[in-house]
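A quick write-up on the structure given underneath.
Only this structure's heavy atoms are used, side chains among them; waters, hydrogens and symmetry mates stay out.
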Amino acid sequence: MEGLLGQKQKLQEFALSSILQLSPASSTSSSSSVVARFSADSGVAELRFHRDSESSDVITVDLQTAQLFKLSPVESLCLSGGSETSEEKSYSRAITIQFRKEEESRAFHCAFEQWKEEVVVEGAELPNGVVSTSKSKFDDKIEASSAKMYFHYYGQLLHQQNMLQDYVRTGTYYAAVIENRADFFGRVVVDVGAGSGILSLFAGSGTPSYFSNIAGAKHVYAIEASEMAEYARKLIAGNPSLGQRITVIKGKVEEVELPEKADILISEPMGTLLVNERMLESYVIARDRFLVPNGKMFPMTGRIHMAPFSDEYLFIEIANKALFWQQQNYYGVDLTPLHGSAFKGYFSQPVVDAFDPRLLVAPSISHVIDFTKIKEEELYEIDIPLKFIASVGTRVHGLACWFDVLFNGSTVQRWLSTAPGAPTTHWYQIRCVLSQPLYVMAGQEITGRLRMIAHNAQSYTIHLAMAAKMWGPGAEQGGILQASSCKLDLKEPYYRMSQPQAYSFPQDQQSHQLVQGQNCPQWCTETEGSAIHPRPNEAISERPPSQWKEDVLQEPFDNFSL
């Protein structure tokens, strides 16, 4: 299968136990030296059954019209050459195929589907006027235009380069694999959404030219639905010492078939706010379809962290965007009727950037997603109750969110964090800004709800509600003083993506200006009381990007056995 995908002129053969051709008039059979051969002569995909590898006695099946059905673990039925009317569907040929082993049957079915998908569909050999009506689960829940843009985006090398150059991301994945090589050595691995194939290369052989440690998987199936699959094949072919046991399969995990089960899944399915792009659902589907019971998942757990924040500069920046629509004489036109809609529209965009953790006004809370147990449908709607105790008196402008994921290896547990104050990743952090801020006092309770509903553009609609309760004596009997809410589309964020600025505070505010969130890594900050501080004598904004790589690479490799 490795040679076939992407090189459609090559052949692929399977040795069979026997075949039985059924027809209305008679039947013929063969019981020895039967070979099934897939080929694509002149761009037409065919399946041919030979009595032996050199025999001219051939039964030819057109893959355009063929269907394959499993009758038993070692027996299948191939139907082809049919016609369809409004009342019934008929076939001109039926062949019963007997396999020698169940593993050979699975491999044949996998190859059959791959040849139909890659050679028939992509080769545009369908008759004029005929549209394929078969849909996968992915197609049923994701609109076609969104999927087309999504796979086009990830099919470009410049976007893969952006992810590869995220040294937090790539370095952490590499460390998680190499430090836990016992989980990969001699195992079958499936790389879900393989992209450039870098994770498959890590799992397959590591980097022996630099390290003596290798992961050494028995075999890696790299599944990638975008055109990046072709680049992945090139990259793997160009690294033969690393990729000898890697098979790239172009297709969606909801559709492809594999010849064997996986001992371990590896994937990078995270989007902004962890769930954007809805690839977590594909990761869970791959678990249910391909993973052996009690198999491992890298990563296995994700956490969404949330905390209220105060950022007057950001609030004014967003509000000022709508000032354009307050003009009463714009080339003679009064724009003010649209000001309210524009104001609401700007506040419906989640803000993606890296912010100073000192803007948080309460310790964070977490929502845990266990990838090994969660059901796909549970990702369609995520409802998180919010409850915080304000540590300072200030204006709360919204909710800040970030995430981390856990690689729970047998040898080493490693977290990949996108927390504020940690080295910046290409995910940054995300903030939901309220159009009506809340005023709170130190010790006051902030409650609310974060509700995320998946939509068919591969993202989520966010409903955020926050409220400030009474505080002080008798607060338990008190009610809500203020409330604010907003609706945002995670698909359409405001990519601010500025680096965190150094905020200056008056001396008398130093004792309460900072609040420690539970997920700011100790190796990037030092704590003092309830405060979070940058590294000594170093403002966050003064940390040059050229040093981020040093920060990230130093930490993952501290415990390596070289």
Side-chain angles (χ1 to χ4, degrees), residues 272-273 304-323 343-365 386 388-403 418-422 424-425 427-442 444 446 448 450 462 464-468 482-488 490 492-506 509-510 512-520 525 530-534 539-543:
T272 51
L273 196 55
I304 300 174
H305 303 283
M306 300 145 285
F309 73 92
S310 178
D311 191 342
E312 202 73 42
Y313 297 112
L314 175 62
F315 177 80
I316 293 173
E317 177 185 332
I318 296 175
N320 281 350
K321 289 183 177 183
L323 290 179
F343 185 86
K344 183 179 179 181
Y346 284 121
F347 279 95
S348 71
Q349 291 184 283
V351 177
V352 177
D353 70 347
F355 64 85
D356 192 319
R358 292 177 291 183
L359 297 175
L360 303 178
V361 301
S364 64
I365 64 172
L386 307 175
F388 310 96
I389 302 297
S391 300
V392 295
T394 185
R395 288 219 304 175
V396 172
H397 293 102
L399 189 71
C401 305
W402 60 95
F403 71 88
T418 66
T424 306
T425 70
W427 290 285
Y428 294 85
Q429 292 97 44
I430 194 166
R431 287 185 283 175
C432 303
V433 185
L434 297 168
S435 61
Q436 181 61 53
L438 305 174
Y439 293 84
V440 299
M441 299 294 290
Q444 190 170 0
I446 304 169
L450 178 67
I462 300 174
L464 172 63
M466 298 181 71
Q482 310 163 67
S484 185
S485 63
C486 59
K487 178 181 177 182
L488 310 99
L490 189 57
E492 301 292 340
Y494 165 32
Y495 287 104
R496 192 169 181 238
M497 295 190 295
S498 60
Q499 290 304 311
Q501 302 299 308
Y503 286 77
S504 60
F505 294 86
Q509 295 184 17
Q510 292 294 318
H512 64 267
Q513 66 179 342
L514 306 171
V515 178
Q516 180 179 354
Q518 66 185 53
N519 300 294
C520 191
T525 61
S530 62
I532 290 182
H533 299 279
I540 293 178
S541 63
E542 296 171 354
R543 191 70 178 159

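Residues passing the side chain to side chain contact (heavy atoms under 4.5 Å, CB included) test with Ala400, sequence neighbours excluded: Phe309, Phe355, Leu360, Trp402, Arg431. Scored by the side chain to side chain contact (heavy atoms under 4.5 Å, CB included) test, Lys487 finds Thr461, His463 as partners (sequence neighbours excluded). Among residues two or more places apart in sequence or in another chain, the side chain to side chain donor-acceptor pair (under 3.5 Å) test is passed with Thr425 by none. Applying the side chain to side chain contact (heavy atoms under 4.5 Å, CB included) criterion to Thr394, with sequence neighbours excluded, gives Ser310, Val361, Val392, Val440. In terms of the side chain to side chain donor-acceptor pair (under 3.5 Å) criterion, residue partners of Glu312 (sequence neighbours excluded) are, by chain and number, Arg395, His397. For the ring pair (Phe, Tyr, Trp, His ring centres under 6.0 Å) test, residues two or more places apart in sequence or in another chain that qualify with Phe403 are Trp427. Evaluation of the salt bridge (charged side-chain N to carboxylate O under 4.0 Å, His left out) rule for Glu317 yields Arg496 as partners, not counting sequence neighbours.
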Test side-chain contact (heavy atoms from CB on, under 4.5 Å) on Met306 and Cys401 and set out the steps. CA-CA 5 Å; Met306 300 145 285; Cys401 305; 3.8 Å; yes
I would like to know whether Tyr494 and Phe347 meet ring pair (Phe, Tyr, Trp, His ring centres under 6.0 Å); could you show each step before the answer? CA-CA 10 Å; Tyr494 165 32; Phe347 279 95; over 10 Å; no
Run Leu273 and Ile304 through side-chain contact (heavy atoms from CB on, under 4.5 Å) and show every step you take. CA-CA 7 Å; Leu273 196 55; Ile304 300 174; 4.0 Å; yes
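Atom CZ of Phe315 sits about 9.5 Å away from atom CG of Asn320, to the nearest 0.5 Å. Asp353 contributes atom CG, which lies 7.0 Å from atom CG of Leu314 (distance to the nearest 0.5 angstrom). Within the model, atoms SG of Cys486 and CD of Gln436 stand 12.0 Å from one another, a figure rounded to the nearest 0.5 Å. The distance from the OH atom of Tyr439 to the CD atom of Gln444 is 13.0 Å, given to the nearest 0.5 Å. Between the CG atom of Leu450 and the CD1 atom of Ile462 there is a distance of 6.5 Å, given to the nearest 0.5 Å.
The two residues Ile446 and Pro308 have their closest heavy-atom pair at CD1-CG, 4.1 Å. Listed here is the closest heavy atom pair of Ala362 and Ala307: O-CB, 3.7 Å. Nearest heavy-atom pair across Leu464 and Cys432 is CD2-CB, 3.7 Å. Annotation for Val433 and Leu488: closest pair N-CD2, 4.5 Å, computed over non-hydrogen atoms. Annotation for Ser348 and Pro350: closest pair O-CD, 3.5 Å, computed over non-hydrogen atoms. The minimum heavy-atom distance between Phe343 and Ala319, with the atom names listed, is CE1-CB, 4.0 Å.
Residues Thr272 and Tyr428 have side chains not in contact (no heavy-atom distance under 4.5 Å, counting atoms from C-beta outward). Side-chain atoms of Pro437 and Ser484, non-hydrogen and from C-beta on, never get closer than 4.5 Å to each other. Under the 4.5 Å side-chain criterion, counting only non-hydrogen atoms from C-beta, Asp356 is not in contact with Asp311.
Under a 3.5 Å cut-off, the side chain of Gln429 and the backbone N or O of Thr418 do form a donor-acceptor pair.
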